[in-house]
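Data first, discussion second: the structure below is written as structure tokens.
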Amino acid sequence: MNKFTHGTSVHKIKAFLYKTKVFLYETKVLLNKIKHKLSEQFNKNIYTRLLFTNVIVFSIALVLLINFSGFMVKQSVYGMIEQDLLRKSKRVNYALSRQTTGLETAVGSQSGTEQELLKFLADSFDARITIFNHEGTILGISAEQEIVPGSKVDTKFIEMLTSGKATVVHKIDSETGQLTFTAFIPMGDAEKTVENGILLESRPANTDLILNKMGLFLYVGGIIILMVVIVVSVYLAMCISKPITRLATSIAEYNGGNYVLNNEKYSLDEINVISEQVKKLTVTLENIQSKSSKIEGERTRLFAEISHELRTPLTAVQGFAEAIRDGMAEDKALQDKYLDMICTQTHHITRLVDDILSLSRLESGDIAVEKLPLDLAALAQGVVMSMEGIAKINNSTIIFTKKSDKSVVLGDVDRMEQIIRNLLKNAINATDNGSINVIIETYKDEVQLTIKDNGIGISPDELPHIWDRFYSVKNQRNTDSAIKGTGLGLVIVKKLVQLQDGKIDVESQPGKGTEFCLSFPAFTD
């Protein structure tokens with residue numbers, strides 16, 4: 001072979017290896033695609049997952065069961081053959097042992113020699129009989145023409161003779177491929193010394209046929225059962241997946257704006273439970289949306305109210321400032337008056353902004369209330385003493401009355417003082433030449449604080465609205481803009497009372513006065 005031919009061969013080999021590598025790679029890619037496709041189909045929905053899982057699990061279980069059943073049947077058949085062959089070997093041993101009394105007695109008129117006896121027994125039991133000694137040398141055989149003089153048996157049979165225990169073994173003939181059973185039994189009486197052994201070799205003709213038919217029946221029956229299981233699995237998968245699909249469709253419609261879920265009852269309790277939970281969730285979401293719409297409306301209204309409340313003082317400030325700028329107030333006294341009005345409106349705007357910020361923090365939960373034991377009577381008495389001077393300006397008096405020695409509650413000192421001070425301020429503004437009573441009482445597990453005045457009072461039509469933001473009573477006694485309220489004081493008071501687990505009620509009659517009653521849980525050691 002020249003160099004050119006050698007180089008060409010190497011090139012062809014490399015080309016073949018490259019093509020093989022490409023083929024293997026493409027095969028791997030194809031298998032991955034098939035695997036991905038099957039996995040995607042398997043995980044597509046609950047129907048396919050249930051169906052595939054049932055079929056795959058049952059198929060594996062069925063194959064294992066068929067193989068196990070075939071193995072057990074095979075072992076049972078082999079066991080029956082072995083027992084039958086052992087029984088035959090014992091009868092052969094018995095017949096050969098009686099040879100010492102005369103062959104004629106053993107075989108009657110049919111045989112007069114040992115060979116004829118072996119042939120007779122072999123024909124009777126449909127087996128080949130072999131007699132051998134301790135060295136393994138064959139002493140006699142029912143089919144003499146099949147043996148060469150001086151032949152020996154397999155070594156394992158010599159070991160069996162040494163052990164002296166009857167045994168049956170089977171193997172596949174390497175030449176014919178036929179199953180062969182060989183029974184070994186020591187020759188003679190077990191109580192005497194065993195010198196020879198007997199082998200009975202049988203080749204059951206119908207064993208493989210029976211086992212093959214049995215295996216065929218098992219597989220055919222398994223296929224039929226598998227078809228039934230597939231039908232049942234399809235039915236079960238549909239029963240389970242169909243209600244889930246309908247429920248998912250209903251939820252999708254809900255997401256699309258249809259807030260009415262059907263009242264269909266499903267066959268599975270678990271699906272009914274999920275359906276009921278979804279309905280409850282739907283009601284909750286509707287409530288949330290309703291509250292959200294209400295909050296949004298409240299926010300819009302609050303912005304409108306804030307804009308309205310700020311517009312009036314800002315307009316006044318702007319008007320007075322422009323009048324001074326344009327020289328309309330040349331008189332010094334008039335300028336001072338305008339400046340006082342600007343200052344008053346500025347203070348009002350400041351109070352309004354402060355109250356709005358306080359209310360916003362209360363409603364958003366930014367204000368933390370530190371609840372500690374405090375003596376409500378001592379706190380109220382201190383606030384009363386600090387505001388007596390303000391009451392005297394209106395020729396009014398504040399009377400403090402303590403009707404109980406136990407007046408300890410859980411609350412925030414600063415917030416509680418803010419509540420009492422705001423209510424007293426309102427009472428002072430509504431009372432002229434009158435009296436304001438502050439009373440502390442205890443009823444069962446509550447401590448009550450009552451602030452009662454004999455001022456102008458509030459009309460029944462206005463009373464429900466005093467808790468509204470920016471609401472001002474129309475018949476206020478003092479209309480001086482310098483002390484005009486922001487309309488947020490009582491709203492803040494109510495929020496602070498609720499944050500301290502308290503309650504607040506109000507009663508009022510025009511011309512007779514107003515009474516605020518606050519109650520808080522009593523603190524006990």
| Stepwise side-chain contact (heavy atoms from CB on, under 4.5 Å) test for Tyr78 and Val73 | CA-CA 8 Å; Tyr78 285 3; Val73 170; over 6 Å; no
| query | Do Glu515 and Ser508 pass the side-chain contact (heavy atoms from CB on, under 4.5 Å) test, and can you show the C-alpha distance, the side-chain angles, and the key distance before you say yes or no? | reply | CA-CA 6 Å; Glu515 177 181 335; Ser508 183; over 6 Å; no
| query | Given the rule in the side-chain contact (heavy atoms from CB on, under 4.5 Å) test, do Ile492 and Gln418 qualify, once you have shown the distances and angles that lead to the verdict? | reply | CA-CA 9 Å; Ile492 295 174; Gln418 183 179 355; 3.9 Å; yes
| message | Applying side-chain contact (heavy atoms from CB on, under 4.5 Å) to Asp412 and Gln500, what does each step give before you reach the verdict? | response | CA-CA 8 Å; Asp412 189 304; Gln500 298 177 90; 3.8 Å; yes
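Listed by first then second residue, pairs satisfying salt bridge (Lys or Arg N to Asp or Glu O under 4.0 Å) with a partner in residues 369-379 read Lys371-Asp501, not counting sequence neighbours. Applying the side-chain hydrogen bond (donor to acceptor under 3.5 Å, both in side chains) rule to pairs touching residues 226-240 yields nothing, sequence neighbours excluded. Screening residues 437-447 for salt bridge (Lys or Arg N to Asp or Glu O under 4.0 Å), with sequence neighbours left out, gives Lys403-Glu441, Glu446-Lys503.
Between Cys517 and Thr450, the closest heavy-atom pair is SG-OG1, 4.1 Å. The two residues Leu218 and Gly70 make their nearest non-hydrogen contact at CD1-N, 3.8 Å. The two atoms that bring Ala427 and Ile451 nearest to each other are CB-CG2, 4.5 Å, heavy atoms only. When all heavy atoms of Ser459 and Pro510 are compared, the closest pair comes out as CA-CG, 3.7 Å.
If you take OG on Ser396 and CD1 on Ile390, they are separated by 12.0 Å, rounding to the nearest 0.5 Å. Atom CG of Asp453 sits about 3.5 Å away from atom OG1 of Thr431, to the nearest 0.5 Å. Here CG of Leu449 is found 8.0 Å from CG of Leu423. Values are rounded to the nearest 0.5 Å. Rounding to the nearest 0.5 angstrom, the gap separating the NZ atom in Lys494 from the CG atom in Leu499 is 12.5 Å. Atoms CD1 and CD, on Ile398 and Gln381 in that order, are 12.0 Å from each other to the nearest 0.5 Å.
Counting only heavy atoms from C-beta outward, the side chains of Asn437 and Phe400 never approach each other to under 4.5 Å. Contact check for Lys452 versus Glu507: no side-chain heavy atoms found under the 4.5 Å cut-off. In this structure the side chain of Leu179 reaches within 4.5 angstrom of the side chain of His170, judged on heavy atoms. Side-chain contact check for Ile440 versus Thr401: every heavy-atom pair is 4.5 Å or farther apart. Ile466 has its side chain within reach of Val506: a pair of non-hydrogen atoms, C-beta onward, lies under 4.5 Å apart. A 4.5 Å side-chain heavy-atom check between Val413 and Leu372 finds every atom pair outside the cut-off. For the pair Asn454 and Ser435, the minimum side-chain heavy-atom distance is below 4.5 Å.
Shown here are the side chain to side chain contact (heavy atoms under 4.5 Å, CB included) partners of Ser76, two or more places apart in sequence or in another chain: there are none. With sequence neighbours excluded, no residue forms a salt bridge (charged side-chain N to carboxylate O under 4.0 Å, His left out) with Lys402. Scored by the side chain to side chain contact (heavy atoms under 4.5 Å, CB included) test, Pro373 finds Val408, Leu410, Phe523 as partners (sequence neighbours excluded). For the ring pair (Phe, Tyr, Trp, His ring centres under 6.0 Å) test, residues two or more places apart in sequence or in another chain that qualify with His465 are Tyr471. Scored by the side chain to side chain donor-acceptor pair (under 3.5 Å) test, Ser404 finds Thr442 as partners (sequence neighbours excluded). Under the rule for a side chain to side chain donor-acceptor pair (under 3.5 Å), the partners of Glu417 that lie at least two apart in sequence or sit in another chain are Arg421. Residues satisfying the side chain to side chain contact (heavy atoms under 4.5 Å, CB included) test with Val497, not counting sequence neighbours, are Ile419, Val493, Ile504, Leu518, Phe520. With sequence neighbours excluded, the residues satisfying side chain to side chain contact (heavy atoms under 4.5 Å, CB included) with Cys343 are His347.
Of the candidates Ile436, Ile420, Val438, Ile428, Met387 forms a side-chain contact (heavy atoms from CB on, under 4.5 Å) with just one, namely Ile428.
Side-chain contact of Asp432 with Asn394: a donor-acceptor pair under 3.5 Å is absent, judged by distance alone.
For Asn287, the CG atom sits in a packed shell: over 12 heavy atoms of surrounding residues, nucleotides or ligands are nearer than 6.0 Å.
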Run the side-chain donor-acceptor check on residues 56-66: report pairs under 3.5 Å with partners two or more places apart or on a different chain.
{"unit_1": "Ser59", "atom_1": "OG", "unit_2": "Val55", "atom_2": "O", "d": "2.6"}

